[in-house]
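These notes concern the structure reproduced below.
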Amino acid sequence: MKAVRVKEYGGPEAMSYEDIDRPELGDTDVLVKIEASGINYIDTYQRSGLYQIPLPATLGLEAAGTVEEVGSAVSYFKSGDRIAYTSVAGAYAEYAAVPEDKLVAIPEDVSFNAGAAAMLQGCTAHYLCKSTYVVKEGDRCLIHAAAGGVGLLLIQMVKNAGGFVIGTVSTEEKAQLAKDAGADEVILYSEQDFEVEVKRITDGAGVNVAYDSVGKATFEKSIDCLSKLGYMVLYGNASGPVTEFNPATLGPKGSLFLTRPTLFDYTADRASLEWRSGDVFNWIADGSLILRLEHFYPLSEVQQAHIDLEGRKTTGKIILTP
Ligand code: NDP
């Protein structure tokens, strides 16, 4: 089968499109014929070595497709079922072996592309606003990279929970997308000082929660945007990792909370995975969550997809098709 492999950490050129054997099935695994794989920013961290993984590796942590074959102890899924999954390595390929307990069925009216787009970024946006900080009516929420994959979904979920959204983006085009998704205010953080703007928009009160996936470039100012008892949710490193921080500063700034959450922990058990993915698929079906599937690349052109993602050229979801 065709797959995208990384043998040594590096830039987009470190990925090669190759023929490899189909993965072997364990007793509780399902062989998935992949119809669509989701590209996520974490794939670039695993490719570059910012997040270390055992090499050589097939990249990709999210896909949708059909069950081709099942292991001897698989009890729930059967050949032909339409499924999606996340948090299992090897999705940049034509086939993947996935433990049964990581799969969810996708409804008939949800396409494979939507299935692949919903899992990682959808469940992330879900846990950020339903668990890490539970957004309530009237909460003021700062969302960085608001026109990105997670960003556009998080805006909608926060709005549906009654929150007030201040988004940040780098271009006017992205600002329009964030507004279309429901953001109340959008700041061009490439041109404006977002801390000054947040204080202006909130009449000096600050925000209850800052969702920061940009990391190094925004972290300190995001903390300074918080109101007393505010939540700093650092969940990514698109501009580089935050390496130095003195927790003592959280006290005088208003007894702030700081957390560095990951999707893996928030979907570690079956009940959490079913709750989050079930909500996401229901919201897609009833129209309260709109996916923006805007960028499609064949598996063989994965290098260009990573160049565009890291070059801030993409918005919404990027899909790879085998
Ligand atoms: P995005 O589609 O949001 O792409 C990243 C965006 O970050 C860019 O489009 C860009 O938006 C912004 N950005 C700001 N500074 C930089 C920079 N120096 N280089 C590149 N991009 C920059 O990606 P995803 O939706 O896949 O992921 C968003 C973030 O969420 C990532 O940091 C990812 O690691 C994190 N994440 C964390 C999870 C977790 O559980 N902890 C799970 C899923 C994602 P703009 O041009 O508007 O600034």
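One-based numbering, in listed order, for ligands and for the atoms of each. We use all heavy atoms of the structure for the numbers below, so side chains are in, but hydrogens, waters and symmetry mates are not.
Considering backbone and side-chain atoms alike, Thr124 places every N or O at 3.5 Å or more from each N or O of ligand 1. Note: an N/O pair closer than 3.5 Å links Tyr45 and ligand 1 by distance alone. Among the atoms of Val150, some N or O lies under 3.5 angstrom from an N or O of ligand 1. Residue Pro261 has at least one nitrogen or oxygen atom sitting less than 3.5 Å from a nitrogen or oxygen atom of ligand 1, judged on distance alone.
Neither side chain, Lys228 nor Asn208, offers a donor N or O lying under 3.5 Å from an acceptor on the other.
Every pair passing side chain to side chain donor-acceptor pair (under 3.5 Å) that includes a residue from residues 244-256 is listed here, sequence neighbours excluded: Asp224-Lys253.
The closest approach between any non-hydrogen atom of Gly151 and ligand 1 is not below 4.0 Å.
The protein heavy-atom contact nearest to atom 19 (N) of ligand 1 is Ala238 O, 3.3 Å. For atom 6 (C) of ligand 1, the closest non-hydrogen atom on the protein side is Ala145 CB, 3.9 Å.
If you check each of Tyr235, Tyr127, Phe264, Tyr266 against atom 40 (O) of ligand 1, the one with the closest non-hydrogen atom is Tyr127. The nearest non-hydrogen atom to atom 14 (C) of ligand 1, considering only Lys317, Arg312, Glu310, comes from Arg312.
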field: Residue pair His126, Tyr266: steps toward the ring pair (Phe, Tyr, Trp, His ring centres under 6.0 Å) verdict
entry: CA-CA 10 Å; His126 187 285; Tyr266 281 93; 10.0 Å; no
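In terms of the side chain to side chain contact (heavy atoms under 4.5 Å, CB included) criterion, Asp203 has no residue partners (sequence neighbours excluded).
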